[in-house]
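Order of the sequence lines fixes the chain letters, A, B, ..., with proteins taken first and strands second; residue numbering starts at 1 for each chain.
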There are 2 protein chains.
Amino acid sequence: QDKIENKSQLVNENLKKCLNTKDGRLAASLISDFLQFFHLDFTLAVFQPEINTLNGFDSHDALSRDLGMSDAEGNRNNPLLLELIRCSRNKDKPMPLF
Amino acid sequence: QDKIENKSQLVNENLKKCLNTKDGRLAASLISDFLQFFHLDFTLAVFQPEINTLNGFDSHDALSRDLGMSDAEGNRNNPLLLELIRCSRNKDKPMPLF
């Protein structure tokens, strides 16, 4: 029993450290954005208490700004995680004008 | 009741379409990789049946390859979602040699 509790604390410690960084917070918010977009309500209902973030998640718009994505990329109609994957795939190609 | 069922079908339809694309599968696998890394077992236990993917998720190594990340980036010690965010943040900077 003690062993399990120690492991659980250690795990939470890593997660807490991660969520205290800007990138960690972004990652959790991207997951939340994806879950919300597809109305994965059961997963969301477990995810939020399990990562136990006090400050909630960043909004879609704040996330979009932080990731340097413009509205022109049509990111309102897609989860930002998908946009991020698309951008990273195209990072070696020149940006299209439109 | 019918209305709720229709909405649920529509939602699942969007998700199904998304998961049938390479990027959609990558996104779901990145989320699964993050949840596994931090041992968010309760969320994982709901996420997997809720997105109802028949083929499971891509492994950490397969994901890493698909995203064009090298082992040198130390991505074994971090969830790939965090690495992806870091890479996208640095995409305008020249890659370091080491």
Side-chain angles (χ1 to χ4, degrees), chain A residues 4 7-19 21-53 63 66-69 77-93 95, chain B residues 4 7-19 21-53 63 66-69 77-93 95:
Chain A
I4 292 172
K7 182 176 165 279
S8 161
Q9 278 177 3
L10 191 70
V11 165
N12 286 343
E13 211 48 54
N14 281 340
L15 180 62
K16 218 190 280 178
K17 266 188 216 159
C18 171
L19 293 176
T21 65
K22 195 181 168 78
D23 286 352
R25 201 186 148 79
L26 266 175
S29 299
L30 280 172
I31 292 176
S32 169
D33 181 66
F34 183 93
L35 298 177
Q36 279 177 44
F37 185 88
F38 289 113
H39 301 274
L40 294 165
D41 298 330
F42 296 109
T43 307
L44 261 178
V46 182
F47 181 58
Q48 285 169 339
E50 194 172 30
I51 77 165
N52 192 24
T53 170
L63 264 178
D66 275 352
L67 293 167
M69 288 175 181
N77 301 320
N78 274 313
L80 285 169
L81 180 52
L82 279 181
E83 292 299 323
L84 186 68
I85 291 171
R86 261 173 224 149
C87 287
S88 82
R89 199 188 289 292
N90 296 327
K91 68 182 167 185
D92 300 326
K93 296 178 195 162
M95 287 286 278
Chain B
I4 292 174
K7 182 176 166 281
S8 161
Q9 277 176 2
L10 191 67
V11 165
N12 286 342
E13 213 47 55
N14 281 339
L15 179 63
K16 216 190 283 178
K17 265 187 216 159
C18 171
L19 293 176
T21 65
K22 192 178 170 78
D23 286 351
R25 200 184 150 79
L26 265 176
S29 298
L30 279 172
I31 292 177
S32 169
D33 180 64
F34 183 94
L35 298 177
Q36 279 176 44
F37 185 86
F38 290 114
H39 301 274
L40 294 164
D41 298 330
F42 296 109
T43 307
L44 260 177
V46 182
F47 181 59
Q48 284 168 339
E50 193 172 30
I51 78 167
N52 192 23
T53 171
L63 265 178
D66 276 352
L67 293 166
M69 289 174 182
N77 301 319
N78 275 313
L80 285 168
L81 181 51
L82 280 182
E83 293 298 323
L84 186 67
I85 292 171
R86 263 175 222 147
C87 288
S88 82
R89 199 187 289 293
N90 297 326
K91 68 182 168 187
D92 300 328
K93 297 178 193 161
M95 287 287 277

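- Contact annotation for B:F34: only side-chain heavy atoms (C-beta onward) come within less than 4.5 Å of a heavy atom of chain A.
- Of the two parts of B:L81, only the side chain, counted from C-beta on, holds a non-hydrogen atom closer than 4.5 Å to a non-hydrogen atom of chain A.
- The greatest number of non-hydrogen atom pairs below 4.5 Å with chain A, out of B:V46, B:L26, B:L30, B:D66, is found for B:V46.
- The minimum heavy-atom distance between A:A27 and B:L82, with the atom names listed, is CB-CD2, 3.9 Å.
- Between A:T43 and B:I31, every side-chain heavy-atom pair lies at or beyond the 4.5 Å cut-off.
- A:D23 pairs by the salt bridge (Lys or Arg N to Asp or Glu O under 4.0 Å) definition with B:R86, B:R89, not counting sequence neighbours.
- Shown here are the side-chain hydrogen bond (donor to acceptor under 3.5 Å, both in side chains) partners of A:Q48, two or more places apart in sequence or in another chain: there are none.
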Quiz item: Stepwise, does the side-chain contact (heavy atoms from CB on, under 4.5 Å) test hold for B:F47 with A:L35?
Solution: CA-CA 9 Å; B:F47 181 59; A:L35 298 177; 3.9 Å; yes
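- Interface check for chain B: of the options A:A45, A:G24, A:P49, A:C18, the most heavy-atom pairs under 4.5 Å are formed by A:C18.
- For the options A:L44, A:I85, A:T21, heavy-atom pairs under 4.5 Å to chain B are most numerous at A:I85.
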